[in-house]
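Have a look at the structure below before the remarks.
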Amino acid sequence: MVDKPTMTTTAGAPIPDNQNSLTAGERGPVLLQDYQLIEKLAHQNRERIPERVVHAKGWGAYGTLKITGDISKYTKAKVLQPGAETPLLIRFSTVAGELGAADAERDVRGFAIKFYTPEGNWDLVGNNTPVFFVRDPLKFPDFIHTQKRHPRTNLRSATAMWDFWSLSPESLHQVTILFSDRGIPVAPMFMNGYGSHTYSFWNDAGERYWVKFHFKTQQGHKFYTNEEAEQVIGKSRESYQEALFHAIERGEYPKWTVQVQIMPELDAEKTPYNPFDLTKVWPHADYPPITIGEIELNRNPDNYFAEIEQAAFSPSNIVPGIGFSPDKMLQARIFSYADAHRYRLGTHYESIPVNQPRCPVHHYHRDGQMNVYGGIRTGNPDAFYEPNSFNGPVENPVAKEPPLRISGDADRYNHRIGNDDYSQPRALFLLFDDGQRERLFKNIAAAMKGVPGFIIERQLGHFKLVHPEYEAGVRRALKEMHGYEATATSAAAE
Ligand code: NDP
Ligand code: HEM
């Protein structure tokens, strides 16, 4: 017979009966002194925490980053030195859906990686696309509101989405990717990841380079058409969780090739596009991807809630040798994520095991709710302020980043002026074969169902500027699918 451990209260006392409540008489009411019953109900009432305001539905696993290339001349980061092996956690997600959303919905996928490096946690919180819908963080909450539910109907609103996109032509690049085949990957293993933003590398000599990160799937790209996704969702809303979890349990470990594009610091002043604009890629011909290693996912979490729901990723987590860039969106994200974690998980979210760095941590923050550190973080109770005379932790100038060259007057610059929103979506459109284009047209037309004509026409105007065939194809699909025709009022869209 298996020797089972004794069940206890949370205070550790043995529980004599977990089947029958304590009652006054066999048929009588329960007694207030049945603390085990009260504790059970009270804990259940507290089982949910706020879901992430975006990227609520996710799937994750642990793995390793192995560095095989040599980029030591660009960065001093230990995690990126030749031969380095670093444990990591990845959480994939959809953006708009709530916690219970179906996995196989058309949406951008989050691709958030936490590298537990010897110099602290490095979080690369990217997506499965290299660009984003907006380039100024002032527009992020507006954009997200268009993806969430309408306040009155409590339904998703195609009108809101296309109204916003058609008024924000910088979204065209990401919109084209979203409605292309890559908009519904079959499972997380069959898609790329991108750091998306431009970050920087800096080396021991204090030289800075701009860098973009790419994670290329080794499983190949596999996607669902809209019709296939409907079938899948009809059978299971959890198709990603099933695919990822079971692949790892079977020992089929998904892998991605890690690549970087590197731009010398002063090139940023010469490129015809702003290299810090999140709606743009760096063409491979200009900055060829350099393969530096591989990531593999090889271990499922034991407790989804503790390890995936409580995982806290933040672009603010960088390590020496890696820096930020002037990308406005990245700058806003440096603030936003830690703020979200303090709200969603609590002040001490970094002491939750999945978020704990795997290196010594010494700081002077104190107290607060749920301080579970179990000791003062300076290592010495007399050293609770800085500077002190009690050998408390001190700063290390070796971690100092080289100065960032910045110039210009503080102002609110109109990012729509002088920005070419059409060439890069055109380059992508031209990569698509006939079949890919037809599916793009149909996917867009399907998503425009019920949208007022003047908004459709405004968006078609943008597609035309990308490529006349793009506009013609979507117009044709709109007619075939919904009988849509431009009317005098819709064609007169501003
Ligand atoms: P390249 O021909 O060198 O690269 C094309 C890239 O497009 C490849 O990385 C390929 O990814 C990717 N791609 C193919 N189909 C799709 C799709 N449906 N959705 C998203 N990406 C796709 O050309 P350029 O570097 O000059 O870029 C041309 C266009 O390709 C860009 O405007 C951009 O839209 C897109 N792109 C460019 C990237 C870059 O970093 N330069 C990265 C991703 C996309 P894969 O190798 O995985 O098949
Ligand atoms: C999640 C804000 C842009 C990728 C989140 C969360 C917030 C947020 C508040 C929830 C965090 C949490 O509760 O744990 C923002 C803001 C943005 C922005 C303010 C722009 C100004 C982006 C971009 C990307 C991205 C450009 C990708 C390139 C992600 C991912 C997650 C996420 C992957 C989920 C992380 C996880 O798995 O826990 N974002 N976001 N976001 N965001 Fe953003």
Side-chain angles (χ1 to χ4, degrees), residues 61-90 111-126 192-218 253-268 282 284 287-299 313-325 330 334 350 354-362 393 395-404:
Y62 296 97
T64 317
L65 164 72
K66 288 186 188 156
I67 298 296
T68 48
D70 185 354
I71 50 168
S72 54
K73 65 179 173 185
Y74 301 118
T75 177
K76 62 187 266 177
K78 289 198 175 128
V79 57
L80 296 173
Q81 298 311 305
E85 289 197 16
T86 306
L88 59 80
L89 170 77
I90 300 189
F111 200 112
I113 318 178
K114 186 180 287 297
F115 300 99
Y116 300 97
T117 96
E119 300 173 291
N121 287 351
W122 170 36
D123 293 353
L124 203 51
V125 197
N192 289 346
Y194 299 90
S196 305
H197 296 284
T198 297
Y199 289 84
S200 50
F201 274 160
W202 49 280
N203 60 20
D204 279 320
E207 294 157 335
R208 188 187 295 277
Y209 297 85
W210 306 117
V211 60
K212 279 192 184 282
F213 296 94
H214 306 263
F215 303 90
K216 295 291 190 87
T217 174
Q218 293 185 11
Y253 300 144
K255 291 182 183 173
W256 288 262
T257 303
V258 183
Q259 296 182 328
V260 290
Q261 286 178 287
I262 294 187
M263 181 186 287
E265 187 180 12
L266 295 180
D267 269 26
W282 300 352
H284 290 159
Y287 297 97
I290 305 168
T291 296
I292 61 165
E294 185 175 271
I295 55 180
E296 176 188 273
L297 289 180
N298 48 32
R299 182 164 67 85
F313 300 87
S314 175
S316 53
N317 287 341
I318 50 168
V319 291
I322 300 174
F324 304 123
S325 81
L330 175 58
I334 292 165
E350 271 155 332
V354 70
N355 299 322
Q356 278 173 13
R358 311 277 169 89
C359 64
V361 175
H362 300 294
E395 66 219 17
N396 182 355
V398 172
K400 185 180 177 304
E401 199 176 324
L404 183 68

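The analysis underlying the following values was restricted to heavy atoms, covering all of them including side chains, and did not include hydrogens, waters or symmetry mates.
Annotation for L80 and I71: closest pair O-CG1, 4.0 Å, computed over non-hydrogen atoms. Listed here is the closest heavy atom pair of F115 and I295: CE2-CG2, 4.5 Å. For the residue pair A84 and V79, the shortest heavy atom distance occurs at CB-O, 3.6 Å. Nearest heavy atom pair, residue E265 against residue W210, reads O-NE1, 3.0 Å. Of all heavy-atom pairs between T291 and Q259, the closest is OG1-NE2, 3.3 Å. Of all heavy-atom pairs between P320 and A399, the closest is CG-CB, 4.1 Å.
Between the side chains of E294 and T257, no donor-acceptor pair of N or O atoms lies under 3.5 Å.
Using modelled atom types, no side-chain atom of T86 and backbone atom of L65 make a donor-acceptor pair closer than 3.5 Å. Side-chain atoms of E119 do not come within 3.5 Å of backbone N or O of I318 as any donor-acceptor pair. Distance alone, capped at 3.5 Å, is enough to place a donor-acceptor pair between the N192 side chain and the T217 backbone. With hydrogens and angles ignored, the 3.5 Å screen pairs no side-chain donor or acceptor of Y287 with any backbone N or O of V260. Between the side chain of D70 and the main chain of P82, no donor-acceptor pair closer than 3.5 Å is present. For N396 (side chain) and V398 (main-chain N/O), a donor-acceptor pair under 3.5 Å exists by modelled atom type. Counting only distance, with no hydrogens or angles, the side chain of N121 and the backbone of N355 share a donor-acceptor pair below 3.5 Å. Proximity of a side-chain donor or acceptor of E401 to a complementary backbone N or O of G323 within less than 3.5 Å is not detected.
Every residue meeting the salt bridge (Lys or Arg N to Asp or Glu O under 4.0 Å) condition with E296, not counting sequence neighbours, appears here in chain and number order: K255. Remark: D267 pairs with K270 by the salt bridge (Lys or Arg N to Asp or Glu O under 4.0 Å) rule, at least two apart or across chains. Scored by the side-chain hydrogen bond (donor to acceptor under 3.5 Å, both in side chains) test, T198 finds K212 as partners (sequence neighbours excluded).
To the nearest 0.5 Å, atom CD1 of residue I90 and atom NZ of residue K114 are 12.5 Å apart. The line from CH2 of W122 to CD1 of I113 is 7.5 Å long, rounded to the nearest 0.5 Å. Here the NZ-CG distance, from K73 to D204, works out to 14.5 Å after rounding to the nearest 0.5 Å. Note that OG1 of T117 and CG of D123 are 10.5 Å apart. Values are rounded to the nearest 0.5 Å. With rounding to the nearest 0.5 Å, the separation of NE2 in H214 from OG in S196 is 9.0 Å. To the nearest 0.5 Å, the span separating CG on L88 from CG on L124 amounts to 11.0 Å.
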Exercise for review: Could you walk me through whether L404 and R208 pass the side-chain contact (heavy atoms from CB on, under 4.5 Å) test, one step at a time?
Suggested key: CA-CA 8 Å; L404 183 68; R208 188 187 295 277; 3.7 Å; yes
Exercise for review: Give the intermediate values and the outcome of side-chain contact (heavy atoms from CB on, under 4.5 Å) for residues H284 and Q261.
Suggested key: CA-CA 8 Å; H284 290 159; Q261 286 178 287; 3.6 Å; yes
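A distance of 6.0 Å or more separates the ring centres of F215 and W256.
Proximity of P87 to R358: side-chain heavy atoms (C-beta onward) are separated by under 4.5 Å at one or more points.
In summary, of the residues considered (Y209, F201, Y199), a ring pair (Phe, Tyr, Trp, His ring centres under 6.0 Å) with Y74 occurs for Y209 alone.
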